[in-house]
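A short worksheet on the structure shown next.
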Amino acid sequence: MTDKPTFDEYLDLGLALHSRGRIKDGADHYTRALEIHPDDPEALCLLGAAQISLGEQADGLARLRRAVAIEPGEPRFQIQLALALDASGMAAEALPHIHACARYFSNNIDFVELRVRSALAAGAHDEALEHATALTAGKSANAHHFRLLSKAKFEQQDVLGAKLAYQSAMGLDTTASREDLVAMARFELMLNAPNEARYWIDQCLEQNPDYIPALETKARIAINTGEGDVARQFAQTILSKDPGNIPAISIALELDLGSDDTLAESAKALSLNTSAPPRERKALWFALAQYYDKTQNYIDAFQAASTANRLSFEVARDSGQLHDLDRSARQRELTRQIFSAAFIRQAHRALEHLESKQPRPIFVVAPPRSGTSLTEKLLASAPDAAGIGERGATLKMYRDAVKVADRAGVEASRAHILRSLAQIAVAERGAWSKVAPGKAVVIDKTPSHLDACGWLAALFPDAIFVGVSRDLRDVGVSCFFQDLPEEYGYSTNFERIAGALKQDALLADHWRALPLKWVDFSYDQFVQDPELNACALIKACQLNWSEEILSENQQSDLNGFSALSARGDVIKSRSGRWVRYQAYIGPLTDTFGIESVARSPAR
């Protein structure tokens, strides 16, 4: 009679079978080994890894987690669980396990790639950027590494840096894929370069005329340039091919395609499908809210926006990225302490030796939905200026300075800033020159720059800051109706919106008191008298005013003032929008009442 195999024999046989690709047979032997020793972490780990390969995610993850719980100090168990979580679409949950074994695998390229993916998924954007940068600096850098770097830079709001990294990736590939061409078009669109975006997307459509992401992007370009008929054509083309395409439905609702409610009902049905990804569902609810608002169905509009914001909150909560107003207040208090009038003057003295001071920057700053896009387009219509969109390249450095202050004190943060100030200033002006060759002035409208005005003033002594103001009740309502990035996670309810806007107003008051060139510009006053306020703004920003700016034939790269004039009725309708929702916005009216930041014309 043959003796029954021992635990070690079952384990060895399982490993032999597993290594030959007989994963199911290997898993059966690991199971028999565990019948002998149910809590052996080695057998649990091997069976868990095999089950992941067999598509049995739930059972595999359960066994891997049990192995880690029994022996958390074993790096092999930690990395297997991290790999399994990544393979199961739970990369964010892998990050703590990656940290637990990092010192054992930090020189392994595959491990570093996993760390970057997990950090991006978990919202650990600084960590992702650090390790993606290290990947691209190595001798084994490849196109995939540069795409990871592009994504990491994008998450840091450095759109130009993301674009340049993506271009490096394309340079390492033999041919550009259709996904590459769409990605480049979208970068250019975010950088407010619609002509360049059109160049990339036309290449893509020439080779792939039915590629839906390219058609979506083409429609977005048309919206950006005021070509509503073209946008409608592409949205209709997409919907004829894919009636359930969520981005196309959102575009169609934005453009009021169809005179009946058929499209809205279709969108509502899709948004109620709980099996659809939460991000897609919330995008549809936001589009429905905008549609109902434009069709004056304000009760349904508010209900749709409320549902969208509930989904936004759930997405942020589940990804561990809920906005913390108290932490924001702490960071802003440190910001005020670091960037005093005396320190900014000290920073300016440290830059006196620099020869190149071109191009000159104008930063358009305000809370989101305050009219920064309109303001940038107006400024960029001046012949000597160019808009560069939401560049945001130096925001990470500003945030690093705040972290140093939190950890080591204000003086340590100032020393940290002064050490790299000149190098960063020269590099950033060089990047601007590439984006806007031949222009004396560049305009950046990154909303997050409201926090970083002191940092930017220290970097660029010649900078002008345009503080855009708008009725804060309108700003709050607009934020509630908009699918904003996660950094504006406070927009999910009016109490948090009111708290955040109050913080913004206090910070803007701090910047106005410092030795920097600050120009106030009222959105509400502009829409009442465009010519008076446009002229005042352009002169206050030391740009060249010309009557041609108001000409119907004037067309700048950013669609100029003429497009703004053509949309004058739409813009005016947005002023006082809050009144329609007065019954729902108690925290806004309680906080701001009728004192709603309506400053004088640009000065």
Side-chain angles (χ1 to χ4, degrees), residues 89-93 120-125 151 154-157 190 220 245-247 249-251 253-254 264 267-294 298-328 366-370 372-373 390 446-448 450-451 472-504 577-578 581 584-588:
M90 294 181 276
E93 294 180 40
L120 286 168
H125 299 146
K151 189 170 184 181
F154 182 79
E155 293 296 343
Q156 293 279 5
Q157 299 181 52
M190 284 182 279
R220 286 291 173 197
N245 183 276
I246 289 176
I249 290 173
S250 299
I251 292 169
L253 287 170
E254 184 177 336
K268 193 170 182 178
L270 283 168
S271 64
L272 290 170
N273 178 9
T274 55
S275 64
R279 291 179 186 275
E280 291 190 0
R281 290 176 61 212
K282 77 181 178 80
L284 273 175
W285 278 113
F286 275 118
L288 278 167
Q290 298 284 2
Y291 172 80
Y292 289 138
D293 179 75
K294 284 186 287 186
Y298 300 129
I299 294 176
D300 284 350
F302 184 78
Q303 290 175 344
S306 297
T307 302
N309 279 293
R310 177 178 56 77
L311 288 167
S312 287
F313 178 85
E314 292 172 1
V315 167
R317 180 198 61 203
D318 294 345
S319 63
Q321 296 183 41
L322 280 176
H323 187 273
D324 187 337
L325 277 177
D326 292 336
R327 184 177 64 181
S328 174
R369 313 304 300 167
S370 293
T372 55
S373 295
E390 299 182 11
T446 307
S448 299
L450 179 62
D451 283 29
L472 290 175
R473 295 162 299 188
D474 279 337
V475 172
V477 168
S478 188
C479 286
F480 190 74
F481 273 77
Q482 197 73 22
D483 191 2
L484 294 173
E486 288 164 349
E487 66 185 291
Y488 304 114
Y490 56 76
S491 66
T492 55
N493 71 65
F494 285 111
E495 185 175 358
R496 290 169 58 78
I497 290 171
L501 292 179
K502 194 168 184 178
Q503 285 186 14
D504 288 343
R577 182 187 187 191
W578 69 271
Y581 300 99
Y584 308 106
I585 62 170
L588 284 178

Is any side-chain N of the basic residue among Lys151 and Glu155 closer than 4.0 Å to the acidic one's carboxylate O?
-> no

Nearest non-hydrogen partners of Ala287 and Leu253, listed with the distance | CB-CD1, 3.8 Å

Specify the closest pair of heavy atoms between Pro247 and Asn245, including all atoms of both residues, with the distance to one decimal.
-> CD-OD1, 3.3 Å

Should Leu484 and Cys479 count as side-chain neighbours, where that means a heavy-atom distance under 4.5 Å?
-> yes

Please name the pair of heavy atoms, one in Thr372 and one in Ala366, separated by the smallest distance, quoted to 0.1 Å.
-> CG2-CB, 3.7 Å

Neighbour count above 12 (heavy atom, 6.0 Å) for Glu495 CD | no

Determine yes or no for a side-chain-to-main-chain donor-acceptor pair under 3.5 angstrom, with Ser250 supplying the side chain and Ile246 the backbone.
-> yes

Could you tell me which non-hydrogen atom of Asn309 sits nearest to which non-hydrogen atom of Ser491, and how far apart they are?
-> OD1-O, 3.2 Å

Provide the closest heavy-atom pair for Arg577 versus Ser478 in the form atom of the first, atom of the second, distance.
-> NH1-CA, 3.8 Å

For the residue pair Phe480 and Phe302, does the interplanar ring angle fall in the parallel (under 30°), tilted (30 to 60°) or perpendicular (over 60°) class?
-> parallel

Is it true that atom OH of Tyr581 has more than 12 heavy atoms of other residues, nucleotides or ligands lying nearer than 6.0 Å?
-> yes

Which atom of Trp578 lies closest to which atom of Arg473, heavy atoms considered = CZ2-NH1, 3.2 Å

